[in-house]
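One structure is given below, encoded as C-alpha cells.
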Amino acid sequence: MGMPHSSSLHHFLRHVSFPPDPHLLPTAFKSCPTLPLARALHAVAEVSGLARDPFVASSLLHAYLRLGTTGNARALFDGMPRPQRTVVGWSALVAAHAARGDAEGAWRLLEEMRRDGGVEPNVITWNGLVSGLNRSGRARDAVVALATMHGEGLLRPDATGVSCALSAVGDVGLVSVGQQLHGYAVKAGCRADACVVTALIDMYGKCGQAAEVVRVFDESSHMDVASCNALIAGLSRNAQVCEALRLFKEFVDRGVELNVVSWTSIVACCVQNGKDLEAVEFFREMQAQGTEPNSVTIPCVLPAFANVAALMHGRSAHCFALRKGFLHDVYVSSALVDMYAKCGRVKDARIIFDTMVSRNVVSWNAMIGGYAMYGEAVNAVWMFHSMLKCKQKPDMVTFTCLLAACTQAGLTEEGRHYFKEMHNEYGVSPRMEHYACMVTLLGRAGKLDEAYDLISDMPFEPDAYIWGSLLGSCRVHGNVDLAEVAAEKLFHLEPENAGNYVLLSNIYASKKMWDRVNRVREMMKDVGLKKEKGCSWIEIKNKVHMLLAGDDSHPMMTAIIEKINQLNIQMRKLGFVPSTDFVLHDVEEQEKDDILAVHSEKLAVALGLISTSPGTTLRVIKNLRICGDCHEAMKFISSFEGREISVRDTNRFHHFSGGKCSCGDFW
DNA sequence: AAACAATCGC
C-alpha cells in the first residue's frame, strides 16, 4: 500500500470532520484513497455509533470493495441488519469477486444471496457478474454466467449489459451467441447505442467476421471515435491491414477527433501485420500532431523497433517511458527487455530485467529468449532456474525459448532433459514448436534416426517446419534416405517452397547423384515456385533503411554496388572462395544481373560501411536465415574492415568480429 | 448499483 496521491488525499480530507458527521462520512468513504485510511475511518464510525447508519455502512462497503478487500467488505455486510442487506450490497459483492477473477466465489455469493438472504439477483447483479468475469480474463466463466442468466429468463439487459456480454462472447469467440445478442440488441432498441456499436464491432472482429465488422460500422449513423478505433482493431485482427490503413487516412481527412487509442491502434495494426516501418512512421506522426503516447502505446511500438533493429528509436522510447514513470508497467518493461535483446544489447536487456519492480511469465520468457538468440544457453538455463526459484510457473513459450537456447548451443543432453521435464514436472504438453526444436537439436548432433523416431511418435501431424528441419540436418550429415522421406512430405505440404527442392538437390549433388539432381530440377520447373524475398534492415543515424534482394531502388544503390565489388576483390585476395553449396540457391537469378542476386544482408552491410565512420558497429536484421556464403563473407569483411558486424537472422544473432562469428559456425 | 476502443514473450 503506497502513499496516497496528495491531491486525492486533499480531496478526501475535505470530507473528514471531527466529530464525525453522518452526512459527511459517506462522501469521505467515496473519495477515500487507501485501505488503512478506510479502516481508520471505519473505526471512528464504529466508536461514534454512526456505522449503523445505512448510508454510512453502504458507502463503507463500496469503499472496501473499491480498495480491494472483499474480506472486510463481507464482514461488514454480515454485520448489517437483515433489511439493509439488499440486492445492491449483494450485487456489489458479487461484482467484486468476479472482478478479481474469483468466479467460484461469485457463484457461491449468488447462491447465498438467494438461499440465506432471500434476495433475488437482478439484471445489475448479472451485468456485474458478466462484466467482472470478463474484465478479469475469465471470459469463459462470463459466457457461462450469460447462458445461466438467459436460461433463467433474465436476459433483459440494457445497453451496458449487452456491451459487457458482447465483450465476453468475443473473447471466447462464440460467434453464434454474438449474433443472438446482436438480434436482441435490435429488439431491445439499444442497437444504436454507441457502446453497443463498439462492442458489436469488437465481437465480430474477435470472431473473425471481417465483413460483419465493416457492416456494423457502416450502419452506425454517427462517427464515434471508440467505434472507429474498434473498426481499426477488428480489421487488424483479420489481416485486413490495407483496409485499416485506408480507413484511418479517411478518418484523418474527415477530421474525426482521433485520440491516443486511435493512434495506438493503427501502430499496433501495422506491427501485427508486419509493417514495422509504417508503424514507426505513425508513431512519429502521432507525436507530430500533438498526441502524446501513453503506457499502452510504448509496448505497441517497441516490437516494431526491435524488428528493424532501430536501437536509437528504442532508446528514446526507453527514455520517454522513464520520464513518464511507465517503467513500473510490466508490459512496458517486458517489451523493452525484448527490444534491447533484439537490437543486439542483451546486457542492457538484462539491466532492465533486473530492475523491474514486478515480472510476469512474459518478462522471464523475453529474457530467456534473448539469451537463446545469442546462443548463451548457460545464461538461459540459469534464468530458467531463477524463474523457478522466484515461484514463476513456466509456460509453453518458456520451454520454446529454453529448448531453442539448448539447440543454438548444441546442448543435446540438456535439451533432452528439459523436453522430458516440461511435461512430467511442469505439466506443459509439448507442441509443434517444441518438437521442431527437438528435431533440430537431435539433427544437429547427427542423431537423425532418433529425430525421425521422435517425429514418428508425435501425437499430431508434423508440419513443414519439422520436416524442413530434418531435411536441413540430412544435408549437413549427408543422409540421402531420410532426406528423401522428409522431402516427399515437404513437396506435399508446401509444393511451392523453392528451398526444399534446392536442399534435396544439394544433397544429391554432394553425393554426385547427378541424374537425381536433374530430376529435382525438372520438378522445380513443373510447379510454380515461390521464394520469399530476402529483406534486411539497418539503422544509420536514426534512420532505418530497408534493403531488398534483387531490388535496386535504394537511392544509394550505385555506391553500394561499387562497395560490394570492392569487397569482392579484397575477399578474393584473402583467399575467399564462393561456396559451391549455395550456388543452386540462386539458380533462378543466373539470368539476371549478378549484382541483383546479391543477398540483402550484404547490401545492408555495404551501405553501413560507406555511411558510418570507421569502427562503428553495424547491426543488421534479416527476415530469412543467413546463407553459408554470406556468413563466410561477413567473417572476412569484419576482419579486413576492422568492424564488428552483428546480423540477426530468423534464428539467432551472428556477431562477426576479427574474422570469427559468435555462433562458432554452428547454426 | 454498471459501460465500449489500443499493450509484452514463441
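Chain identifiers are assigned alphabetically (A, B, ...) following the order of the sequence lines, protein sequences preceding nucleic acid strands; residue numbering begins at 1 within each chain.
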Length of the [atom1]-[atom2] vector between [X] and [N], whole Å:
X      : N      : atom1 : atom2 : value
A/D338 : B/dG9  : CG    : C1'   : 6 Å
A/N127 : B/dA2  : CG    : P     : 11 Å
A/D193 : B/dA3  : CG    : P     : 14 Å
A/D224 : B/dC4  : CG    : P     : 13 Å
A/N651 : B/dC10 : CG    : P     : 13 Å
A/M356 : B/dG9  : CE    : C1'   : 11 Å
A/D171 : B/dT7  : CG    : P     : 12 Å
A/E292 : B/dA6  : CD    : C1'   : 16 Å

Taking the six-membered ring for Trp, are A/F419 and A/Y435 closer than 6.0 Å centroid to centroid?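 When the ring centroids of A/F419 and A/Y435 are compared, they turn out to be within the sub-6.0 Å range.
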Check the phosphate of B/dC10 against A/K342, side-chain N and O only, distance under 4.0 Å to OP1 or OP2. Yes or no?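 Yes, within the criterion.
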Between B/dA6 and A/Q272, is there an OP1 or OP2 to side-chain N/O distance shorter than 4.0 Å? no
Picking from [options], which would you name as closest to the side chain of [X]?
X      : options              : result
A/N365 : B/dA1, B/dC8, B/dG9  : B/dG9
A/A366 : B/dG9, B/dA1, B/dA2  : B/dG9
A/A233 : B/dG9, B/dA5, B/dA3  : B/dA5
A/S265 : B/dA1, B/dA6, B/dC8  : B/dA6
A/S131 : B/dC4, B/dC8, B/dA3  : B/dA3
A/T198 : B/dT7, B/dC4, B/dG9  : B/dC4
A/V397 : B/dA5, B/dC10, B/dA1 : B/dC10

Should the side chain of [X] and the base of [N] be counted as holding a donor-acceptor pair, with the cut-off at 3.5 Å?
X      : N     : answer
A/N294 : B/dA6 : yes
A/D395 : B/dG9 : yes
A/N259 : B/dA5 : yes

Touch check for [X], heavy atoms < 4.0 angstrom, all strands: base, sugar-phosphate only, or nothing?
X      : value
A/R135 : sugar-phosphate
A/T264 : base
A/C300 : sugar-phosphate
A/R431 : nothing
A/A199 : nothing
A/T400 : sugar-phosphate
A/S363 : nothing
A/S91  : nothing

Nearest 0.5 Å, please: how far is SG in A/C401 from CG in A/N365? 5.0 Å
Chi angles and distances behind the side chain to side chain contact (heavy atoms under 4.5 Å, CB included) call for A/V213, A/R237: CA-CA 11 Å; A/V213 166; A/R237 252 188 260 282; over 6 Å; no
Check the angle between the aromatic planes of A/F353 and A/W364 and answer parallel, tilted or perpendicular using the 30° and 60° thresholds. perpendicular
Short question: side chain of [X], backbone of [Y] - any donor-acceptor pair under 3.5 Å?
X      : Y      : answer
A/Y204 : A/V214 : no
A/D463 : A/M432 : no
A/R66  : A/L61  : no

